[in-house]
Undergrad: 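Before I ask anything, let me first share the structure, which is written out below as structure tokens.
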Amino acid sequence: MRVVVFISGRGSNLKALLEQQNNYTVVHVISNREQAAGLQIAQDFGVPTTVIPWKNREQAENQALKQLNDINPDLIVLAGFMRVLSEDFVTKFPFKIINIHPSLLPLYPGLNTHQRALNDKQKQHGATVHYVNQHLDQGHSISQCHIDITDEDSAETLATRLLSKEHKLLSTTVDKIATGQIYRHNNQLYYQNQVITQPIVWSNI
Ligand code: GAR
């Protein structure tokens with residue numbers, strides 16, 4: 001399975017994906033920021049990169065579309081990509097774009113998820129991998145990981161603790177899509193031939 005990854009910054013989820021490539025290959029990385037550290041990570045793994053400044057969304061998406069038409073990937077992974085894709089764009093790739101979001105969706109779509117979980121005095125926090133549709137962070141959830149929130153936690157400690165789990169969650173989810181263990185059929189999501197109605201939670205993540 002050929003995967004294109006979109007990033008905006010640090011690229012630690014991209015690195016996790018690159019390190020776990022067995023059943024899929026990251027064939028290209030697109031960044032909306034020239035300074036994104038993840039670009040160097042891609043280059044270190046020998047993966048071609050393109051920077052598309054996202055000043056004008058329509059122009060940027062047209063450029064991305066051209067690139068994607070040439071590459072024809074099986075899956076597009078948003079890994080810390082901090083731009084909202086238009087309805088026009090995402091509807092061209094139904095169930096072909098996934099995103100990792102640092103909250104237990106449907107809780108806390110959008111930004112500042114860690115602080116919002118703390119403000120609400122949640123006992124649990126986590127991350128979700130979901131399909132991308134035209135509604136921000138509202139596409140069908142695929143998988144989740146959880147962490148407990150303690151009284152000592154800050155937004156920073158939550159982000160740090162969650163990140164290492166995010167890496168496993170994203171790379172495992174992409175691997176299971178690549179191996180056909182996660183698939184969609186007749187509008188339903190399956191994992192190992194069972195319809196899943198709740199996000200998959202793996203005991204080791
Ligand atoms: C990750 O925590 C990811 O969940 C989050 O940005 C971070 C990127 O880190 N994504 C979003 O907030 C998307 N709305 P990384 O660049 O090191 O992978």
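Whatever order the structure lists them in is the order used to number ligands and atoms, beginning at 1.
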Undergrad: Going by the side-chain contact (heavy atoms from CB on, under 4.5 Å) test, name the single residue among Leu85, Val90, Asn56 that passes it with Glu61.
TA: Leu85
Undergrad: Could you state whether Leu169 and Leu17 fall into the same hydrophobic cluster, counting links through intermediate Ile, Leu, Val, Met, Phe, Trp or Tyr residues with side-chain heavy atoms under 4.5 angstrom apart?
TA: yes
Undergrad: I'd like to check Gln20 versus Asp175 (side-chain heavy atoms, cut-off strictly below 4.5 Å). Are they in contact?
TA: no
Undergrad: Using the rule side-chain contact (heavy atoms from CB on, under 4.5 Å), only one of Val132, Val77, Leu75 pairs with Ile97; which is it?
TA: Val132
Undergrad: Residues around ligand 1, heavy atom under 4.0 Å from any ligand atom, sorted by chain and number. Can you pull those?
TA: Arg10, Gly11, Ser12, Asn13, Gly80, Met82, Ile100, His101, Pro102, Leu163, Glu166
Undergrad: Take the angle between the ring planes of Phe6 and Phe81 and call it parallel below 30°, perpendicular above 60°, tilted in between.
TA: perpendicular
Undergrad: Look only at the side chain of Arg116 and the backbone of Leu111, and say whether a donor-acceptor pair between them is shorter than 3.5 Å.
TA: yes
